[in-house]
Amino acid sequence: MFALVDCNSFYVSCERLFNPSLRTKPLIVLSNNDGCIISRSTEAKELGIPMGGAYFKVKKEFEAKGGVSVSSNYCLYQDVSQRVMRELEALAPQIEVYSIDEAFLCLKGFSSKELLAWGKKIKKTIYQNIGIPVSVGIAPTKVLAKMAGQIAKNNHLFNGVCFLESIVTQEKFMADFPIECLWGIGRKSALKLRSFNIKTALDFKNFSNTYLVQKTLTKTGRQIQDELRGISCLGLNAIQERKAITSTRSFGRGVYSLEELQEAIANYVTKAAEKLRQQQSCCKLLSLYIRTSPFQDTSQYSRYAHFEFPHPTNDTLKMIKCAHNVLKDIYRPGYKYQKAGVILSHLIQENQIQLDFFQQQENSKLIKSLDRINQQFGSLSIKSASCGTENKWRMKSEYKSKRYTTQWSEIAEVKCI
DNA sequence: TCTGGGGTCCTAGGACCC
DNA sequence: TCTGGGGTCCTAGGACCC
């Protein structure tokens, strides 16, 4: 048996945790650059605010109806997430942290009678100890547990906990479960399945042409079908090292000059390289891209290029130099650039690097000192001069809440009146 | 004027080997 | 004029997730 624990409107719930005045208002959380809507309270959903929609399109109307918008605050969300996961680890024999707001639990050793009660206990404990409301779905496979989670969240009769035990119950809900809502079936796959007259999860379960499923949806689709049939294909995944680290941002305004792009790229490399060192890895390949806005009618330009290091590295300064060389190659003047990004891949553990006769000593002492200083005095306290100081291109984040739990200077205040 | 960011997995097809 | 068969490895691009 698997359980899926999913935090309800996670970012919104985090914001409400430390700002009770937001608890009764329609609330939305915006993506980076205050561009899109990425989390909505129930009240905001009822006002018809679309998930993933462009903020500027709804801003006026939403505010007129008393809605409140906040910029995303990942320091806060990450920290609250870790607290939730710690609680879950104490409650279940095995856990897979699937995303910032979700975890799968493996339920060996529970009788089916105990399972529902146990699900309710999880919900209650997380709310009591952390203050975040969650939904719990329990079923024999991961895909079914995901489905149970959806049902627990949307069907009020369940009070946030749904256990799909018997095949009869599973099929009863599958019959009303649209195919596009199934975990792993996106827009494209749903269209293909609908062309075979498969409209619900139950239709998919009963579709007998497995050859066609494999052919159109590849191995992934076949596994989903098996999981619907109660055959578990997807186990609990252990935490694994990242295979790639990316840092990409849209600009707060159009960027034209090479100098500003260089600044932005230097900042992104700095960020990505820090993450790389945190997991004690080096990278062999640095990829980089710049592009104009696809939403604008002005002439478009987009380029993607790589640099392969002769020796795997995590040295920020060396990486910035190489990135700048690549950037010079792909930069063309006269365009209004909207976004740039850096991707580090072909990662390898620091202690597994193969050295050779001619390899120069890495500048590791300097980099280690930088990391230590930044850890103590805050991110980017000391950085390469190429990162610039003004950063006029920097993304917008106009309505950001405080980092209540990770920054002493921003800690929550309690006032006695 | 303003439309996010960070990931994973799978497959086809190219390049190469003997 | 005729030009095989069996294999591996790598990567770009597509699709999906939250």
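Bear in mind that the values here come from a model prediction, so they are computed numbers and not experimental data.
- Between atom OH of residue A:Y331 and atom CD1 of residue A:I290 there is a gap of 8.0 Å, rounded to the nearest 0.5 Å.
- The neighbour count for A:E61 CD, taken as heavy atoms of other residues, nucleotides or ligands under 6.0 Å away, does not exceed 12.
- Taking a cutoff of 4.0 Å between a charged side-chain nitrogen and a carboxylate oxygen, A:K396 and A:E398 do not qualify as a salt bridge.
- The separation of C:dC18 from B:dT3, taken at their P atoms, amounts to 25 Å, rounded to a whole angstrom.
- With respect to A:E102 and A:K146, a salt bridge is recorded, a charged nitrogen being found less than 4.0 Å from a carboxylate O.
- Contacts of A:R253 with the nucleic acid, taken as non-hydrogen atoms under 4.0 Å apart, are absent.
- With a cut-off of 3.5 Å on both pairing distances, the Watson-Crick and G-U wobble pairs of DNA chain B assemble into stems of 3 or more at B:5-18 with C:5-18.
- Contact annotation for A:D101: backbone-only contact, meaning every heavy-atom pair under 4.0 Å involves sugar-phosphate atoms and none involves a base.
- A:R253 and A:E260 are joined by a salt bridge, as a carboxylate oxygen and a charged side-chain nitrogen come within less than 4.0 angstrom of each other.
- Listed nucleotides B:dG4, B:dC2, B:dG5 differ in distance to A:T248; the shortest reach to its side chain belongs to B:dG5.
- A residue-by-residue look at A:T246 and A:F251 shows that A:F251 has its nearest nucleotide of DNA chain B further toward the 5' end.
- Mapping A:N33 and A:I245 onto DNA chain B via the closest heavy atom, the residue that lands nearer the 5' end is A:N33.
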